[in-house]
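So the structure is just underneath, and the comments pick up after that.
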Amino acid sequence: MNQLLQLAFNCLSFDFIGTSPDESSDDLCTVQIPTSWRPAFLDFNTLQLFFDLYHSLPTLLSHMALSCLVQIASVRRSLFNNAERAKFLSQLVSGVKNILENPQGLSDPGNYHEFCRLLARLKSNYQLGELVKAENYRETIALIATFTVTSLQMWQYAPNSVHYLLSLWQRMVASVPYVKASEPHLLETYTPEVTHAYITSRLECVTAVVRDGLDDPI
């Protein structure tokens with residue numbers, strides 16, 4: 001299973017058109033899947049398979065299933081028509097919602113880090129106007145907000161993962177003026193909570209930074 005997941009990840013990470021960005025910008029890239037692979041992605045069992053693997057595998061392997069999902073979430077727009085893309089995104093959002101409703105696996109640092117990367121890819125590869133139309137968006141954005149607030153309050157736990165969450169919210173907010181969809185984005189409800197949690201967490205870490213000589217995050 002380890003080798004199969006590594007093979008799947010290698011295939012999904014291959015630089016098919018020779019324009020791979022440097023590693024520092026890996027979360028801005030689009031996966032240029034060949035058109036001949038289109039049937040595999042239109043069969044939505046492919047996407048569901050990796051969510052099922054995450055939930056059923058031990059933590060030693062489950063983070064690799066999430067790594068594959070990060071790449072799958074980044075598949076180029078032109079692989080789908082509008083209806084197919086909307087259906088694909090809805091399934092992706094539902095999978096994220098299911099993970100947040102059953103968060104036991106996220107106590108593993110590897111799973112947590114890859115899941116934060118997956119959340120960031122949701123916004124870097126999809127428009128807010130598309131996200132708000134996804135099935136289960138309302139429930140999922142509420143769960144993501146709670147997850148973000150909790151993560152910020154536990155700033156000692158995974159400091160290298162938090163910036164993915166901040167990137168998600170920054171991009172969501174920056175997109176608000178351009179949303180033409182009638183569906184509510186609900187960011188006016190959740191963004192203040194995230195902002196408050198971030199500022200409060202920065203202030204609360206000052207004591208530990210001074211006392212223990214930790215890296216100053218500010």
Side-chain angles (χ1 to χ4, degrees), residues 4-21 25-55 64-101 114-141 143-144 164-165 167-187:
L4 285 169
L5 285 168
Q6 189 62 56
L7 175 61
F9 178 76
N10 289 350
C11 291
L12 291 164
S13 304
F14 186 76
D15 183 13
F16 290 97
I17 60 175
T19 58
S20 179
S25 58
D26 74 314
D27 285 279
L28 298 175
C29 71
T30 300
V31 178
Q32 301 290 341
I33 293 297
T35 303
S36 59
W37 291 19
R38 182 176 141 84
F41 288 85
L42 289 181
D43 179 358
F44 295 107
N45 289 324
T46 302
L47 177 59
Q48 189 58 46
L49 169 65
F50 287 95
F51 280 114
D52 292 344
L53 285 170
Y54 164 74
H55 288 291
M64 295 179 65
L66 285 177
S67 296
C68 291
L69 283 166
V70 170
Q71 296 303 103
I72 292 171
S74 309
V75 169
R76 61 185 171 91
R77 298 181 65 88
S78 54
L79 195 69
F80 307 107
N81 63 34
N82 288 342
E84 292 163 348
R85 183 174 171 81
K87 185 177 179 182
F88 186 82
L89 177 58
S90 287
Q91 188 179 8
L92 194 57
V93 169
S94 294
V96 166
K97 172 176 172 283
N98 194 23
I99 290 176
L100 288 167
E101 288 176 332
E114 292 303 317
F115 184 67
C116 289
R117 293 183 66 226
L118 177 59
L119 291 179
R121 291 285 178 106
L122 272 183
K123 183 58 192 74
S124 63
N125 290 281
Y126 298 90
Q127 298 173 1
L128 182 56
E130 295 174 304
L131 283 166
V132 298
K133 294 179 181 178
E135 188 178 346
N136 295 317
Y137 170 80
R138 180 182 291 270
E139 298 89 345
T140 305
I141 193 66
L143 288 166
I144 292 174
Y164 291 113
L165 299 176
S167 171
L168 164 70
W169 288 98
Q170 182 269 322
R171 288 174 175 161
M172 295 274 275
V173 172
S175 301
V176 168
Y178 309 103
V179 175
K180 297 178 181 178
S182 58
E183 292 82 356
H185 51 68
L186 304 173
L187 295 181

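Annotation: the span from Asp15 atom CG to Ile17 atom CD1 amounts to 7.0 Å, rounded to 0.5 Å. Considering CD1 of Ile141 and CE of Met172, their distance stands at 3.5 Å, rounded to 0.5 Å.
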### Task
Tell me, with the steps shown, if His185 and Ser175 meet side chain to side chain contact (heavy atoms under 4.5 Å, CB included).
CA-CA 10 Å; His185 51 68; Ser175 301; over 6 Å; no
### Task
Take Ile144 and Trp169 through the test side chain to side chain contact (heavy atoms under 4.5 Å, CB included) and record every step on the way to the result.
CA-CA 10 Å; Ile144 292 174; Trp169 288 98; 4.0 Å; yes
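The two atoms that bring Ala73 and Asn125 nearest to each other are O-CB, 3.8 Å, heavy atoms only. Heavy-atom minimum distance, Thr30 versus Val75: CG2-C, 4.1 Å. Taking all atoms of both residues into account, the shortest heavy-atom contact from Leu168 to Ala120 is CB-CA, 4.3 Å. The shortest non-hydrogen separation linking Leu131 to Val93 is CD2-CG2, 4.3 Å.
In this view, Asn45 and Asp43 satisfy the side chain to side chain donor-acceptor pair (under 3.5 Å) rule, not counting sequence neighbours.
If you check the side chains of Thr35 and Arg76, you find a donor sitting under 3.5 Å from an acceptor.
A side-chain donor-acceptor contact under 3.5 Å links Gln91 to the backbone of Phe44. Without hydrogens or angle criteria, Thr46 side chain to Leu42 main chain gives no donor-acceptor distance under 3.5 Å.
The pair Lys87-Glu84 does not meet the salt-bridge criterion, since no charged nitrogen lies less than 4.0 angstrom from a carboxylate oxygen.
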